[in-house]
A.B. asks: 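Sharing a structure below in structure tokens format, with a few things to ask.
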2 protein chains.
Amino acid sequence: MARKIGSHSEITGPRVRQAALTLFARHGYAAVSMRQIAAEVGVQAGALYNYTADKQALLFDLMQTHMKDLLVALDACSDTGNALRRLETFSRFHIRYHLDRPDLVFIAYMELRNLSDENFAAVEALRGRYEARLRDILTQGIDERAFSVPDVKVASMAIIAMLTGITTWYREEGRLSRAEVEEIYWQMVRKAVSA
Amino acid sequence: MARKIGSHSEITGPRVRQAALTLFARHGYAAVSMRQIAAEVGVQAGALYNYTADKQALLFDLMQTHMKDLLVALDACSDTGNALRRLETFSRFHIRYHLDRPDLVFIAYMELRNLSDENFAAVEALRGRYEARLRDILTQGIDERAFSVPDVKVASMAIIAMLTGITTWYREEGRLSRAEVEEIYWQMVRKAVSA
DNA sequence: GTCTATAAGAGGATAGAC
DNA sequence: GTCTATCCTCTTATAGAC
């Protein structure tokens, strides 16, 4: 049999990535088959290979694109005031950005070990650049005598772990609004690094 | 061919669980085959079924045992002083216990979605009981006017996420000793909830 | 660009010999 | 209790028709 209706190169590609994203987030990369992804898109398994070299490339594309977008978005909203102000901007940005993309965030943190060595290195480098932005802020805060942080590297990882953890429990229909969650976490971060 | 040497019922069982633990932690439940586990133990795949009903039971046993042991260990070291003292005990216990069992912790946080519905509910209930211990401490601290926490439930999850995050980066041969890490994180927790 | 069909192999789990 | 052998299903990926 021929194609169903016509060609869909511009539309099927994004739908493949979207289906992979949803399924990887829900069941995990290793537990999802190419057939499941194809079924979600509404095509046969073979057709997927017009859009990705293989399953690994699908995962890598999702993670790399996410990390690059994250860095661009952070730089677009970063300001240049004092460290406390910059930390607040970073914290609120991180929470909002991650709550808006729970599936991407989940994959980016959970599927690192399913990347090939080469792909892992590329994603890890991008993660390092993101963390470095926070380390810069903490270092500035120490210079300004505004923060008291025993170890900048450890503190940056602790803060990111705390903030990212929100995505493991936050539900849109839950008790708290995004704004309330943002406020609660920002206050905890602020106090945790305070002098 | 018959058995290699003799019967090993008392020794092979633990070795099967240990092999599953190591491999699940390194590659993920879904990515590990029963054949790989058998190879790690040094038996053929069929022999594993003398020790586990199936692959799912192997995962559930690891996670449930871990959560039960965690609760018992926590209760064994908990004290009854003021909230600040109790929070310090909890924080230091959590860090030590988790650094001593990185593979179990990793699995307990990463493989929840690979549990069957029934098994997930059982493990989740145990996790809830652990979190409740921390919520009790935070509530006491608010009553004592020692803590200022906008939301006890959120704060307990934030603290646990921050502390558990240590296992994703800590390396025995790294720059910081366990005692140093423990101290850094305890100070951050203390300040984060301070009045 | 998508289909059907299939290659080539790995997966979980079981049967029966020893 | 462990082995070998095997069943049956599912897997990724490719080939060729349309």
Side-chain angles (χ1 to χ4, degrees), chain A residues 1-24 26-62 111 113-119, chain B residues 1-24 26-63 107 111 113-119:
Chain A
M1 198 197 299
R3 69 196 73 160
K4 279 180 172 172
I5 299 171
S7 300
H8 303 287
S9 62
E10 311 83 5
I11 190 158
T12 305
R15 291 188 63 218
V16 169
R17 282 186 287 278
Q18 178 59 49
L21 170 62
T22 305
L23 290 170
F24 288 168
R26 183 140 52 213
H27 306 292
Y29 172 79
V32 171
S33 71
M34 294 297 269
R35 280 180 176 77
Q36 280 176 275
I37 297 171
E40 181 84 8
V41 174
V43 298
Q44 292 301 311
L48 296 179
Y49 293 87
N50 289 312
Y51 303 99
T52 183
D54 52 24
K55 194 183 170 190
Q56 168 72 203
L58 211 41
L59 177 64
F60 178 58
D61 178 59
L62 287 171
E111 303 295 355
R113 62 185 165 183
N114 285 310
L115 289 171
S116 67
D117 289 348
E118 189 181 9
N119 290 344
Chain B
M1 200 196 298
R3 69 195 74 161
K4 280 180 173 174
I5 299 171
S7 299
H8 303 288
S9 62
E10 310 83 5
I11 192 158
T12 306
R15 292 188 64 220
V16 169
R17 283 186 287 279
Q18 179 59 50
L21 170 61
T22 304
L23 290 169
F24 289 168
R26 183 141 51 215
H27 306 291
Y29 172 79
V32 172
S33 72
M34 294 298 270
R35 283 176 176 79
Q36 279 177 275
I37 297 170
E40 182 84 7
V41 174
V43 298
Q44 291 300 313
L48 296 179
Y49 292 87
N50 290 313
Y51 303 99
T52 183
D54 52 25
K55 193 184 171 190
Q56 169 72 202
L58 212 42
L59 177 64
F60 178 58
D61 178 60
L62 288 172
M63 292 179 71
I107 288 175
E111 303 295 355
R113 63 184 165 183
N114 285 310
L115 289 172
S116 69
D117 289 349
E118 190 181 9
N119 289 344

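Please read these numbers as outputs of a predicted model, since none were measured by experiment. Sequence lines set the chain letters: A, B, ... in the order given, protein chains first and strands last, and positions in each chain run from 1.
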A.B. asks: Any idea which heavy atoms bring B:K55 and B:F24 closest together, and the distance?
C.D. replies: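 Taking B:K55 first and B:F24 second, the nearest heavy atoms are CE-CE2, 4.4 Å.
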A.B. asks: Using side-chain heavy atoms (C-beta onward) and a distance below 4.5 Å, is B:L115 in contact with B:Q56?
C.D. replies: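 B:L115 reaches B:Q56 side chain to side chain.
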A.B. asks: Sort and list the pairs that fulfil side chain to side chain donor-acceptor pair (under 3.5 Å) and have at least one residue in residues 14-23 of chain B, not counting sequence neighbours.
C.D. replies: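 Of all non-adjacent pairs touching residues 14-23 of chain B, those that pass side chain to side chain donor-acceptor pair (under 3.5 Å) are B:Q18-B:T22.
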A.B. asks: Measure from CD on A:Q44 to C1' on D:dA17 and round the result to the nearest Å.
C.D. replies: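 In whole Å, D:dA17 C1' and A:Q44 CD are 15 Å from each other.
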A.B. asks: Quick one: OH on A:Y49 to CG on A:L58, what's the gap to the nearest 0.5 Å?
C.D. replies: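 Separation between the atoms: 9.5 Å.
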A.B. asks: Between the protein and nucleotides 9-15 of chain C, which nitrogen or oxygen pairs are less than 3.5 angstrom apart?
C.D. replies:
residue : atom : partner : partner atom : Å
C:dG12  : OP1  : B:V32   : O            : 3.4
C:dG12  : OP1  : B:M34   : N            : 3.4
C:dG12  : OP1  : B:K55   : NZ           : 3.2
C:dG12  : OP2  : B:M34   : N            : 2.7
C:dG12  : N7   : B:R35   : NH1          : 3.0
C:dG12  : O6   : B:R35   : NH2          : 3.1
C:dA13  : OP2  : B:Y49   : OH           : 3.0
C:dA13  : OP2  : B:K55   : N            : 3.1

A.B. asks: Tell me which one of B:T52, B:V32, B:V43 satisfies side-chain contact (heavy atoms from CB on, under 4.5 Å) with B:I37.
C.D. replies: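 That would be B:V32; it is the only one of B:T52, B:V32, B:V43 passing the side-chain contact (heavy atoms from CB on, under 4.5 Å) with B:I37.
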A.B. asks: To the nearest angstrom, how far is A:N50 atom CG from D:dA13 atom P?
C.D. replies: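 From A:N50 CG to D:dA13 P: 14 Å.
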A.B. asks: Between C:dT2 and A:T12, is there an OP1 or OP2 to side-chain N/O distance shorter than 4.0 Å?
C.D. replies: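 It does, given that an N or O in the side chain of A:T12 lies less than 4.0 Å from OP1 or OP2 of C:dT2.
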